[in-house]
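Here's the structure, in structure tokens; my notes come after.
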Amino acid sequence: MLGDEDKVRDAARQAGADLGGVELIDHKRAGDFEKMVSLLYEARRAKGMMLDEARNALRDPLYYGNLMVRDGRADGSVAGATNTTSHTVRVALHCIGVRAGFKLVSSFFLMQLRDPSLGQNGAMIYADCGVVIEPSAAELAEIAIASADSCRALLQAEPRVAMLSFSTKGSASHRLIDKVVEATRTIRARAPELEIDGELQADAALVPVIAQSKVPGSAVGGRANVLIFPDLQAGNIAYKLTERLAGATAIGPILQGLDRPANDLSRGCKAEDIVDAIAITAVQAQARKGA
């Protein structure tokens, strides 16, 4: 845990919390502060960062924490309770960077539904609902591939990816549908082993009897466990409606596409939300080590 040690211990005493086994680091007084300055400078100097700018940036604990992840001293980071999503994601990008073969950082929500017949025993991946506002076809393909990996890591299941739209297999015609079709083609070329179908309407992706009618023979129709939305508006609206109307539990947004795990919290988060984010970050780190 990063922070002013006196303040952290005082807060723990007031809350009756036991800090046994928790390492507290006051990053501004850390013995390796200058080493971290050099690490950030080397990572960002090609982008124009000066050494003094790196030193000033390191006064922000988000930079120090994510550099610990970059340096292998930590397996992942969780932040955002007192920072905006944009700042949390930007620092993670600056310090950790995107994973090999990717150009994009996106997010997903782990949705736990009351109906175990849906998704993977009631669990599903929704993406992107929190970061990429209007993805291109190529970006949508990256979001889907990253979400498939997240499904394997967190649900311990082979992903069945539905590329969602307001059309199923040409039932309507529009440039927004064309983007989803192009993204689906790109995914099949990049990850031919992946079970994916699109474009699909949500009912064709989730309801077997409707899938039999609209997409007979589809390996994904009626049994999707990963839903990829065409843009952030659709994804954000869908996860909130699922949470509020279906009584689902929404955990996230969880970041994906980074070289090492780093996750964001809502500034309105509860203690339980922080615990969930830490647990998922730990699973992502385990999956990365096992890759």
Side-chain angles (χ1 to χ4, degrees), residues 89 92-93 96-110 119-120 124-170 174-202 204-206 211 215 217-232 234-235 238 252-262 283-291:
V89 174
L93 273 170
I96 297 173
V98 296
R99 61 188 267 201
F102 281 71
K103 298 179 180 178
L104 186 73
V105 172
S106 60
S107 73
F108 68 92
F109 274 83
L110 174 59
Q120 192 67 30
M124 301 191 74
I125 300 292
Y126 279 28
D128 180 354
C129 307
V131 174
V132 186
I133 297 174
E134 194 171 359
S136 65
E139 290 172 335
L140 200 59
E142 280 210 3
I143 291 168
I145 293 170
S147 299
D149 287 344
S150 296
C151 175
R152 292 187 187 99
L154 293 172
L155 304 188
Q156 297 291 294
E158 277 304 305
R160 300 182 296 275
V161 182
M163 305 295 290
L164 298 184
S165 180
F166 61 90
S167 165
T168 297
K169 299 295 186 178
H174 193 275
R175 60 178 177 80
L176 295 177
I177 300 168
D178 295 340
K179 180 178 78 169
V180 177
V181 172
E182 183 182 345
T184 305
R185 286 197 207 102
T186 300
I187 297 160
R188 285 177 172 151
R190 285 185 57 180
E193 77 289 351
L194 192 59
E195 282 193 0
I196 183 170
D197 208 354
E199 82 284 12
L200 297 177
Q201 290 165 290
L206 297 172
V215 282
S218 171
V220 172
R223 55 195 295 270
N225 55 16
V226 178
L227 301 185
I228 304 300
F229 298 91
D231 57 37
L232 190 63
I254 304 298
L255 299 182
Q256 56 186 7
L258 288 163
D259 192 44
R260 296 168 186 255
V283 172
Q284 288 178 314
Q286 290 168 340
R288 182 185 182 278
K289 288 181 177 180

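Distance check: L200 CG to T168 OG1 gives 5.5 Å after rounding to the nearest 0.5 Å. One distance of note links CG of L110 with CE of M124; it measures 11.0 Å at 0.5 Å rounding. Rounded to the nearest 0.5 Å, atoms OG (S136) and CD (E182) are 8.0 Å apart. The CD1 atom of I143 sits 8.5 Å away from atom CE of M163, with the distance rounded to the nearest 0.5 Å. In this structure, I177 CD1 and F166 CZ are separated by 3.5 Å, a value rounded to the nearest 0.5 Å. To the nearest 0.5 angstrom, D178 atom CG is 9.0 Å from H174 atom NE2.
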Could you go through the side chain to side chain contact (heavy atoms under 4.5 Å, CB included) check for R99 and Q256 one step at a time? CA-CA 9 Å; R99 61 188 267 201; Q256 56 186 7; over 6 Å; no
Please lay out, stage by stage, how N225 and E158 fare under the test side chain to side chain contact (heavy atoms under 4.5 Å, CB included). CA-CA 9 Å; N225 55 16; E158 277 304 305; over 6 Å; no
Would V132 and L104 count as a side chain to side chain contact (heavy atoms under 4.5 Å, CB included) here? Give the steps. CA-CA 9 Å; V132 186; L104 186 73; 4.0 Å; yes
Could you go through the salt bridge (charged side-chain N to carboxylate O under 4.0 Å, His left out) check for D197 and R223 one step at a time? CA-CA 11 Å; D197 208 354; R223 55 195 295 270; over 6 Å; no
Tell me, with the steps shown, if I133 and D231 meet side chain to side chain contact (heavy atoms under 4.5 Å, CB included). CA-CA 6 Å; I133 297 174; D231 57 37; over 6 Å; no
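In this structure, the side chains of L194 and R188 stay at 4.5 Å or more apart for every pair of heavy atoms.
The backbone N or O of K103 sits less than 3.5 Å from a side-chain atom of E142, completing a donor-acceptor pair.
In summary, the aromatic rings of Y126 and F108 are positioned with their centroids too far apart to meet the 6.0 Å limit.
What you find for G221 and V215 is that their closest heavy atoms are CA-CG2, 4.2 Å.
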